[in-house]
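The structure presented is a predicted model; accordingly, all values stated were derived computationally and were not measured. Within every chain, numbering begins at 1; the chains are lettered A, B, ... in the order of the sequence lines, protein sequences first and strands thereafter.
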Protein chains: 2
Amino acid sequence: MKAAIVGGGVIGGGWAARFLLNGWDVAVFDPDPEAQRKIGEVIENARRSLPSLYDRSLPEEGQLIFHASLSDAVQGAAWIQESVPERLELKHKVLGNLTDLAQSDAVIGSSTSGFKPSELNRDGGRAIVAHPFNPVYLLPLVELVGEKSETERAANILRDIGMYPLIVRKEIEAHIADRLLEAVWRESLWLVKDGIATTAEIDEAIRMGFGLRWAQMGLFETYRVAGGEAGMKHFMAQFGPALEWPWTKLMDVPEFTEDLVDLIAGQSDTQSGHMSIRELERLRDDNLVGLLRSLKKSGSGAGGVISSHESALPHSASASLPITGDRQIPQSWTDYNGHMNEAYYLEAGAAATDRFMELIGADADYVAAGQSYFTVENHLRYLDELKEGERLIITTQVLEGEGKRMKLFHFLKNADSKLAATMETLLLHVDLNSRSSCPPGANVASRLGTFAAKHKNLPLPEGAGRYVGQRSQVG
Amino acid sequence: MKAAIVGGGVIGGGWAARFLLNGWDVAVFDPDPEAQRKIGEVIENARRSLPSLYDRSLPEEGQLIFHASLSDAVQGAAWIQESVPERLELKHKVLGNLTDLAQSDAVIGSSTSGFKPSELNRDGGRAIVAHPFNPVYLLPLVELVGEKSETERAANILRDIGMYPLIVRKEIEAHIADRLLEAVWRESLWLVKDGIATTAEIDEAIRMGFGLRWAQMGLFETYRVAGGEAGMKHFMAQFGPALEWPWTKLMDVPEFTEDLVDLIAGQSDTQSGHMSIRELERLRDDNLVGLLRSLKKSGSGAGGVISSHESALPHSASASLPITGDRQIPQSWTDYNGHMNEAYYLEAGAAATDRFMELIGADADYVAAGQSYFTVENHLRYLDELKEGERLIITTQVLEGEGKRMKLFHFLKNADSKLAATMETLLLHVDLNSRSSCPPGANVASRLGTFAAKHKNLPLPEGAGRYVGQRSQVG
């Protein structure tokens, strides 16, 4: 699959990264002589963060090509994304060219944050609005506005690359999210202009309070909970009248003077000037990866999008030992020693045990039906450091697999097949109601037995059956 | 220390929980016959979530007492918090009584979301605004408005109970955060009323996109990053003119008709009606705990507040083996088997190793100066299940502590001193520049040696020096 990115910059580069890291080939057209460097920097940021969201590896990266001609760039592209500056006459020109050059079944998306499809297509174009949010490679939201069958077709493609398409029911200037952002921006400008709060104080008012609520539930569900058992109507009866209160007086637009710009830019320097934009970007991305991985546990909001995308990613396969893990090491797994923390070797190893359980049929349905394996012992040997962003591949050898007992030996290797750790793990099969051990079901026993019989002929791995501190044996 | 809570409900109950779980005695005055049940439910929610934010235990809970008389409730209270309904004449009456009854050095805080101190104190009161955010026991933000020395005094107390006081420079209706919330609420009502989006779609537009940005950076810092190297001025030059665009036409207030209330309440039922309020509260709290624990790793925003509060919590101490861990098990540590996941036993054990390193002087400064201990092997034996919310106490015995080698044995016990797991861990002292092993500094070697000599006389723990699957020895 091929995507064409027309107009680079932060948004176009984010689109390029999102497609590329999901295995698409990406062609870029951008007359800016700096385009290659700028897009390269966005993709570099994406490479260190997007794969960290997942506990499986993403497809192999596609090819990135920069073109000097628009027609070369869009040739054969199934998705064409326009992200040129927000000037209607420029959008008309570019979208007109794209309509002529694009293959007839290509989606033509515009990243516009403000214009409606009827405005964009006034001269006969067929673009839809596909409005993403920065950083495009991490935030799932894309607002889709336009002809119904076209937005639905686009939505399916976006889901395939891990995004969350939101089809807007009626076209309106600025769609949905930017209307809300616009309202906050306007109010914030007043607060700064009137000396009520600085930019830093407004940011704290957001991220110490409702920002945390909105990352997981949004506005209405948060208020529903706040309303308590009395329900949403009760909440509105309480909060509704406040709309008529005096503070709605500031709804006009503050005059956009040079003084106001200087005031805000100066406060922003005081607040964040000690960090470069690159450092801020990485801090933001690390935070987003952490927040998203955290939401993945409950499946709320954006966390659910990642889980469902992940479950569609193929498992790696191998002819010899089964591959039970293949992933990138996220930033949040490293510690003050500058390498992967010891606890996450076990998190990765435990995930490999889970994957092996799936392979023998002791999967989520089996657990839901009341049986599982519980770990009784683990022995980890740390042989080499692993760093953030490295690929980690785990293979598993069965040492015992009879009756209630299952003893596994995980090999944790980096991309160069260098052994970074081993984990020997003993599990007992249990009944989840009585919480006591019992033999597994026939299907699980048989599939485990097959692995055990096959692996019995392999040599006992170096390090198996050893106690902590025992010296290596020669021979 | 004693706090008096005047007016229960979700906000008053949240204040009660925040003080109580930080070791304060709490006296409640609320004529509502349901007050005890309602506040009890909030405190129950807080008990399962607030301690989970920390990797140390909070102080022992204070005493909670309900009073039938206001004067009994405020007697001896250092903080008095008014959270009665948002009607000015009622606030005047209650705050007037509090001014008469309170001890002279008590802080009198009002939870008002809208009124200014000058309005609250029109009849001669001395209250400040101390406006918290729901859930009060998890979100750090408190907006403080009022006389400078009084808000500064209040800020110190709030920091002690893990909150983030934001002193507002000038009084204004609705302070800071609620002005922003109000703007979003107003715009959202238009979007629903005009059929552009449902409540569920607006929530997705928030939590799939900018909600994630705002949980960690707020508005201005996010835009600063989006502006890139060109800086905040450039960003404003791009985005500023949009303020004059057509969508600002909807800045008047939608009429608050019964139809609009029904429309929104109905959509909210469709969106969230499959979960009870209690279930939604728990989902929200689990998500918030996860997000906050995630931000704690980078120290961004609310995560920094938790780290600094945690570092002020005392370590538990013991006469025999050193206590190297004492904490509550967070929800995010449990797995599909309904108990603490095997990987988090190691996370807890690794934290105990870190704490032991601190005890022998191999602390953050020592690591920053270029030396540390790296783990080479771990052996974990899982002896009993641990559940969400249980207390976990870890003690550590030194098995070896000479030269480069340090072998520790951690005992993980629940609150009833029942052994839930053991962890045997072997570490080597390393130079962080050469990444190779070397002997520790003299101070560390000596302190480790003292522990080792003392523990040498203890019996070897059951389970030490064993390989995976080795049967227990008798005698």
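Contacts between Leu191(B) and chain A at a heavy-atom distance below 4.5 Å involve the side chain alone, from C-beta outward. In this structure, the portion of Glu385(B) lying under 4.5 Å from any heavy atom of chain A is its side chain and not its backbone. The parts of Arg213(B) that come within reach of chain A are both its backbone and its side chain, each placing non-hydrogen atoms under 4.5 angstrom from that chain. Residue Asn378(B) touches chain A through both its backbone and its side chain, counting heavy-atom pairs closer than 4.5 Å. For a residue to count as touching a neighbouring chain, one of its non-hydrogen atoms must lie under 4.5 Å from one of that chain's; by this rule Tyr344(B) touches chain A with the side chain only. Only the side chain of Leu432(B) has a heavy atom closer than 4.5 Å to any heavy atom of chain A. The contact between Tyr336(B) and chain A is made by backbone and side chain atoms together, counting heavy-atom distances below 4.5 Å.
Proximity of a side-chain donor or acceptor of Lys170(B) to a complementary backbone N or O of Asp194(A) within less than 3.5 Å is detected. The backbone N or O of Phe220(A) lies less than 3.5 Å from a partner atom in the side chain of Asp203(B), making a donor-acceptor pair.
Between chain A and the residues Gln267(B), Gln271(B), Arg284(B), the largest count of heavy-atom pairs under 4.5 Å involves Arg284(B). Per-residue heavy-atom pair counts under 4.5 Å with chain A were compared for Leu292(B), Leu166(B), Thr375(B), and the maximum is reached by Thr375(B).
Here the closest non-hydrogen pair linking Gly209(A) and Leu139(B) is O-CD1, 3.8 Å.
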Please determine whether side-chain hydrogen bond (donor to acceptor under 3.5 Å, both in side chains) holds for the pair Tyr373(A) and Asn337(B), giving the CA-CA distance in whole Å, both sets of side-chain angles, and the decisive distance to 0.1 Å.
CA-CA 9 Å; Tyr373(A) 278 97; Asn337(B) 281 322; over 6 Å; no

In sequence, state the C-alpha distance, the side-chain angles, and the governing distance for Val184(B) and Phe210(A), and then conclude on side-chain contact (heavy atoms from CB on, under 4.5 Å).
CA-CA 12 Å; Val184(B) 171; Phe210(A) 66 83; over 6 Å; no

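Side-chain atoms of Ser298(B) and Asp286(A) include no donor-acceptor pair closer than 3.5 Å.
For the side chain to side chain contact (heavy atoms under 4.5 Å, CB included) criterion with His379(A), the lone passing option out of Arg381(B), Glu377(B), Arg466(B), Glu424(B) is Glu377(B).
Atom CD of Glu187(B) and atom CG of Asp178(A) lie 11.0 Å apart (nearest 0.5 Å).
A salt bridge is defined here as a Lys NZ or Arg NE, NH1 or NH2 lying under 4.0 Å from an Asp or Glu carboxylate O, and Arg224(B) with Asp269(A) meets this definition.
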